[in-house]
Amino acid sequence: MPELPEVEYTARQLRDSVIGAEIGDIQVFWERTIGHPGAQDFAAEVVGKRISGVRRRGKFLLIDLLPATSTETTAATDFLSIHRRMTGNLLLLPPGWEIDTSLRESDAAAWHTRGPTLLARLTAALVTERGQPIKLSDTEYCRVCFTFSDGRRLIYTDPRKFGRVECWPLQREDEVFANLGPEPLSNDFTAGTLANALARRKTSIKQALLDQTIVVGLGNIYADEALFAARIHPLRRADSLTQAESAALRDSIVAALTLGIEHGGTSFSDYRGLWGEAGENYNHVRVYQQDGKPCIRCGTLIERRVIAQRSAHFCPTCQTLAVTVG
DNA sequence: ATTTAGACCTGTCAGC
DNA sequence: TGCTGACAGGTCTAAA
């Protein structure tokens with residue numbers, strides 16, 4: 001689900017709320033969510049550590065950890081890496097919320113799919129430090145729960161169980177992310193670097209933009225939005241873009257991602273911010289899931305078709321198709 | 001060497 | 001009311 005804007009937005013929320021927090025306990029309710037090390041070793045690595053920083057790399061949310069006994073100046077020794085894939089979310093619960101595991105005994109099938117429920121949801125009036133009520137659905141599909149020493153809980157929820165939570169030594173970060181391309185919101189991402197990467201690809205531009213080795217952070221929503229803004233048809237061969245088109249596409253990618261962050265991310269179903277709130281960017285989307293509606297530029301109806309096993313949404317009139325794939 | 005289908009998972013919605 | 005199939009912010013792996 002989350003693409004770069006949703007991960008970045010959550011990272012900023014976490015940075016404002018959990019720096020300095022000490023992880024007092026951890027519960028894993030779906031072991032496969034822990035990608036590294038194993039579910040058992042994970043707790044040993046993480047419990048007792050203190051959060052010293054929150055970062056983002058592509059669609060990965062990174063939480064820097066240092067031993068709780070260390071001083072202010074000690075450098076982090078490990079980091080948590082969280083990739084939410086399709087339906088993962090992070091929620092920060094104030095003290096008083098309890099994890100209810102009674103389902104484990106009473107209904108094995110329901111426990112298998114949903115995991116624990118959250119007891120305090122039943123008492124409604126709980127309010128976050130932001131002064132806003134937490135909005136949770138009936139079942140939150142809690143997979144991993146971090147309990148801080150101050151009583152707050154950071155829970156990782158994920159109905160479809162695709163997401164992964166990992167812990168790595170800091171010195172292995174480069175190795176872990178060795179296959180990732182440039183950050184689109186950094187100075188590394190120029191029209192030239194994008195053009196060079198695309199020139200080596202014979203596939204569709206849509207598929208190339210989803211490839212995290214070319215540029216990180218784009219998913220189905222923002223790839224479609226960027227191609228629309230740059231007036232490039234999703235079926236254009238990646239290596240057929242002109243220099244001018246590559247430059248326009250670079251700018252459109254940056255603009256689409258920046259706008260997404262400003263709107264708190266795009267929610268149409270599952271994505272939520274740290275306090276359960278929906279992102280507002282879906283109201284500003286111009287082609288994604290807009291098939292059948294008129295193009296805002298020319299009035300032609302937006303089309304949807306499958307490209308590289310994913311839905312692509314585009315305007316067949318103003319997104320030019322000079323050279324096709326296949 | 002690339003492409004593509006399948007796997008991983010569960011929920012929702014449209015259509016019969 | 002139930003069933004079936006299509007589809008959903010992603011990525012990895014195995015087969016063609």
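No experiment lies behind these values; they were computed from the predicted model shown. Every chain is numbered from 1, with letters handed out A, B, ... down the list of sequences.
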| Nearest to the side chain of A/N220 - C/dG10, B/dA5, C/dA8? | C/dG10
| note | Side-chain contact check for A/E3: nearest option of B/dT3, B/dT10, C/dG10 is C/dG10
Is the distance from OP1 or OP2 of [N] to the nearest side-chain N or O of [X] less than 4.0 Å?
X: A/Q207; N: B/dT3; value: no
X: A/H83; N: C/dG10; value: no
X: A/K202; N: B/dT3; value: no
X: A/R304; N: C/dC7; value: yes
X: A/Y141; N: B/dC9; value: no
X: A/S311; N: C/dA8; value: yes
X: A/Q212; N: C/dG10; value: no

Between [X] ([atom1]) and [N] ([atom2]), how many Å, whole number?
X: A/E31; N: B/dC9; atom1: CD; atom2: C1'; answer: 17 Å
X: A/R32; N: C/dT11; atom1: CZ; atom2: P; answer: 17 Å
X: A/F268; N: C/dC7; atom1: CZ; atom2: C1'; answer: 10 Å
X: A/K161; N: C/dC12; atom1: NZ; atom2: C1'; answer: 19 Å
X: A/R143; N: B/dT10; atom1: CZ; atom2: P; answer: 7 Å
X: A/Q309; N: C/dC7; atom1: CD; atom2: P; answer: 12 Å
X: A/I307; N: C/dA8; atom1: CD1; atom2: C1'; answer: 17 Å
X: A/R310; N: B/dG6; atom1: CZ; atom2: C1'; answer: 15 Å

| request: Identify whether the distance between the nearest side-chain nitrogen and carboxylate oxygen of A/E245 and A/R236 falls below 4.0 Å. | output: yes
| query | Using 4.0 Å as the upper bound for N to carboxylate O, is an ion pair formed by A/D224 and A/K206? | reply | yes
Which whole number of Å gives the distance between the [atom1] atom of [N] and that of [M]?
N: C/dG10; M: B/dA1; atom1: C1'; value: 23 Å
N: B/dA5; M: C/dA6; atom1: P; value: 14 Å
N: C/dT4; M: B/dC9; atom1: P; value: 22 Å

| said: Using modelled atom types and a 3.5 Å cut-off, is there a donor and acceptor pairing between side-chain atoms of A/R297 and backbone atoms of A/F228? | reply: yes
| message | So A/T113, base contact, sugar-phosphate only, or nothing? Heavy-atom distance under 4.0 Å. | response | sugar-phosphate
| message | Over 60° means perpendicular and under 30° means parallel, so tell me whether A/H284 and A/H263 are parallel, tilted or perpendicular. | response | parallel
| task | Using the criterion of both pairing distances under 3.5 Å for Watson-Crick and G-U wobble pairs, give all stems of 3 or more consecutive pairs involving DNA chain B. | result | B:2-8 with C:10-16, B:10-16 with C:2-8
| For the residue pair A/L301 and A/P316, what are the closest heavy atoms and their distance? | O-CD, 3.5 Å
| task | For A/E105, look at atom CD and say whether over 12 heavy atoms of other residues, nucleotides or ligands are found less than 6.0 Å away. | result | yes
| field | A/N187 atom CG: more than 12 heavy-atom contacts under 6.0 Å | value | no
| field | For A/L180, the rest of its hydrophobic cluster, which grows through side-chain links under 4.5 angstrom | value | A/F60, A/L62, A/F79, A/W168, A/L170, A/V176, A/F177, A/V216
| Nearest-nucleotide 5' precedence on DNA chain C, A/R160 against A/L210 | A/R160
| Going by ring centres under 5.5 Å and near-parallel planes (under 30°), is A/F162 stacked on B/dC8? | yes
